[in-house]
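Below, chains carry the letters A, B, ... as their sequence lines are ordered, and counting in each starts from 1.
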Amino acid sequence: MQKLTTGALMRFAKNSSSGEQPILQVLNIKLMDSKPVSESSMTASQHKKTQRYRLILSDGKHFLPSCVLTVQLNDLVTNGQLQEYSIIRLDRYLRSDLKGQTAKMILQILQITILDIATHRIGNPISLLTADLNEDNTLTTSTTKDVLQPKVTNSIFKHPIAPINKELPVLPPPSSSTITITNIDSIKNNRLFKIETLNPFQNRWTIRVRVANKTPIRTYLNGDGRLFNCNFIDETSEIRATGFGDDCDRLEPILIVGNIYYITQAQIKYANKQFNTFNNDFEMTFNNETIIERCLDNISSIPMQRLHFIPINQIQNIETNSFIDVIGIVMSINDIIHGKSKQNKDYTKRDILILDRTGQITVTLWYRIAENFQSSTIRAVIMLKGVCVKDFNGERTLSVLASTQLQIDPDLSIAHELRKWYLEEGMNIDMIDLTIQSNKHENIPWKTFSQVAEYELNMSSIVNSEIFRIKAVCTFVRHDPVYKACTRFDCKKKLQDNNDGTYYCSKCDLNYEDFKLLYMTSILLSDSTGYQWVSFFEKESEILFGCPSEQFPYGKSKDDEDKAYQKLMSICGQEKMFLIRVKLNHYNNHDRLQFTCVGIESIDARLMCRLYLEDIGRMSCILLD
DNA sequence: CCCCCCCC
């Protein structure tokens, strides 16, 4: 059993920056109230990300009831690794005291190592909050204490929030509202903090950061105000900042993308992860006390951008609705589509296709970004920072949101390399080869319908969607497997017959005289263990019916109906290997599973042998157990 | 205090 670092919490209370990595025991874990986010519109997984755990940590002598776990470590609690009586080593943590009436010393837990778990509480610790701070503590180094600890008063609550070097100029009091950059001492002499260490409980900090991106000032309707956003980066992290109202006029012109600034006296608050695409729990709001001063030295340790590009073929493994950085070549630019959403809202969108060495993916642009996208960007390099990962019928797509940073031909070495690769090799590669390269259908579990039925019993386990492979027979087909679709490129919306030779597309909000036939049908698939209705769309239906959708007999004549019947009958009895995606849909206030065929393979004897042998292997393991 | 990010 690990020994606890007795006295560590007292040393922490006296000097939060001792750099110690104490071994402590968890006495209790509790879920705190969620942060203010619009709860109703959140999905379960989003909600999970905003939950915070409060821990009581003990060093055997004292315990501190106000320890907050960073949300990145929530999984340790939810998956049961971190429990009551766990013994942990605090690897990275922060003192971030809460001010005001409920003044409180907060220990922010940023990184831990779980060492062990005990069966009981070790020692007989008393609360640090009621302990006498002046008791002797031999391990506290006197040097750091002298510099960083102004004075020990009778209450630990009155300690300064962050260590401040007393020799340096003190910032003006927060009450002043007429501060300008000229009438104060330069803030660049302040002790510098890194973005990584900023949190809402510190009130005195100065950071030195580069402006990575800035939005124009825009107005918003509900609230009738205006705002701008910018993104700051330093060596450690990134943070989004917002200025409202008068702060726009004062600060927006000062901040220029690429320049470095000292910033102090802005509010740090919890980021609403639903909208903030940044890898930071917090965000910054400027106020009338915020001071921004240009740093004229080019600090080369601060990068120009913080980017982590995901190769396109790996996007399939990324959770939908998460935000990533992607770089690729613009391969095609579709026409703009004007449509109406389900909420009866007009939208404008444009799809483009981008390519890198590993694969290609569709990127959807919206509104002004869609309208302004230049056709000349074809074959240019496009960089997307904070682009949203979406799922459409099992295929991943990307959606460029207003907060996404989009740059054409960025001056980055990776962009130059990509362009060089494209000119020398990429443009000669057959796109179909690339699609195959993405090997997205490997390692898909093979199931029978008796196993598929288990999805119904455990719906909530399907986070986004799952794919399985099944050998099955087409048993029954719904009539009318084709529908009249909007001919506008990429629209495919089912048209309403006006019965006057014209058709109405609710998506385009226009009447058309023409239509195209597209497949959309349900087929009852079965094997020896069960059955399931599965939706089939264009590509997969064409394989089964053996003709393109526009050739499917559609007329009302006896001849056409006979031919259609023949077609329907022709697929009954066909046995194939189907790739099926199962997705959880919320429909009319209840959950149901939706099965869609996303691929058809002929039954290959070698593949079947391999699958059977794998199953036999698994069964013999079970028998031997 | 924003936070719209929509479509098949």
Worksheet item: Roughly, in whole Å, what's the span from CZ in Phe286(A) to P in dC1(B)?
Response: 15 Å
Worksheet item: With a non-hydrogen cut-off below 4.0 angstrom, is Lys269(A) in contact with a base, only sugar-phosphate, or nothing?
Response: base
Fill in: Non-hydrogen side-chain atoms of Asp356(A) and Phe309(A) separated by less than 4.5 Å
no
Practice prompt. Specify whether Tyr519(A) and Phe545(A) have parallel, tilted or perpendicular ring planes, treating 30° as the upper limit for parallel and 60° as the lower limit for perpendicular.
Written response: parallel
Discussion item. Whether the side chain of Lys492(A) and the base of dC8(B) hold a donor-acceptor pair under 3.5 Å is what I'd like checked.
Written reply: no
Practice prompt. Using atom CD1 of Ile268(A) as one end and atom P of dC1(B) as the other, report the distance to the nearest whole Å.
Written response: 14 Å
Worksheet item: Whole Å only: how far is the CH2 atom of Trp366(A) from the P atom of dC5(B)?
Response: 10 Å
Practice prompt. Please state how far atom CE in Met284(A) lies from atom P in dC1(B), giving the value in whole angstrom units.
Written response: 15 Å
Discussion item. Using OP1 and OP2 only, check whether a side-chain N or O of Lys390(A) sits under 4.0 Å from dC6(B).
Written reply: yes
Worksheet item: Any idea which heavy atoms bring Lys484(A) and Tyr503(A) closest together, and the distance?
Response: NZ-OH, 3.4 Å
Fill in: Nucleotide dC6(B), atom P - distance to CG of Leu365(A) in whole Å
14 Å
Discussion item. Measuring to OP1 and OP2 of dC6(B), would you say a side-chain N or O of Arg350(A) lies under 4.0 angstrom away?
Written reply: no
Response to the item:
Whole-Å distance, Asp346(A) CG to dC6(B) C1', equals 11 Å
Discussion item. For Lys539(A), I'd like to know if atom NZ has over 12 heavy atoms of other residues, nucleotides or ligands within 6.0 Å.
Written reply: no
Item to complete: Return the value, rounded to whole Å, for the distance between atom CG of Leu401(A) and atom P of dC7(B).
Response: 13 Å
Worksheet item: Can Lys385(A) be said to sit on top of Phe278(A)'s aromatic six-ring, NZ or CZ under 6.0 Å from centre and within 45° of the ring axis?
Response: yes
Worksheet entry | N/O donor-acceptor pair, side chain Glu283(A) with base dC3(B), under 3.5 angstrom | yes
Worksheet item: How long is the line joining CG of Asp247(A) and C1' of dC2(B), in whole Å?
Response: 14 Å
Worksheet item: For the side chain of Asp234(A) and the backbone of Ile195(A), is there at least one donor-acceptor N/O pair under 3.5 Å apart?
Response: yes
Item to complete: Could you check which residues of residues 237-244 of chain A get a heavy atom under 4.0 Å from DNA chain B? Sort them by number, please.
Response: Arg240(A), Thr242(A), Phe244(A)
Practice prompt. Please name the pair of heavy atoms, one in Gln405(A) and one in Asn213(A), separated by the smallest distance, quoted to 0.1 Å.
Written response: OE1-CB, 3.3 Å
Practice prompt. Please evaluate the base of dC5(B) for a donor-acceptor partner in the side chain of Tyr367(A) within a cut-off of under 3.5 Å?
Written response: no
Practice prompt. Look at the side chain of Thr285(A) and decide which nucleotide, out of dC6(B), dC4(B), dC2(B), has an atom nearest to it.
Written response: dC2(B)
Worksheet item: Do Tyr220(A) and dC3(B) share a donor-acceptor pair, side chain to base, under 3.5 Å?
Response: no
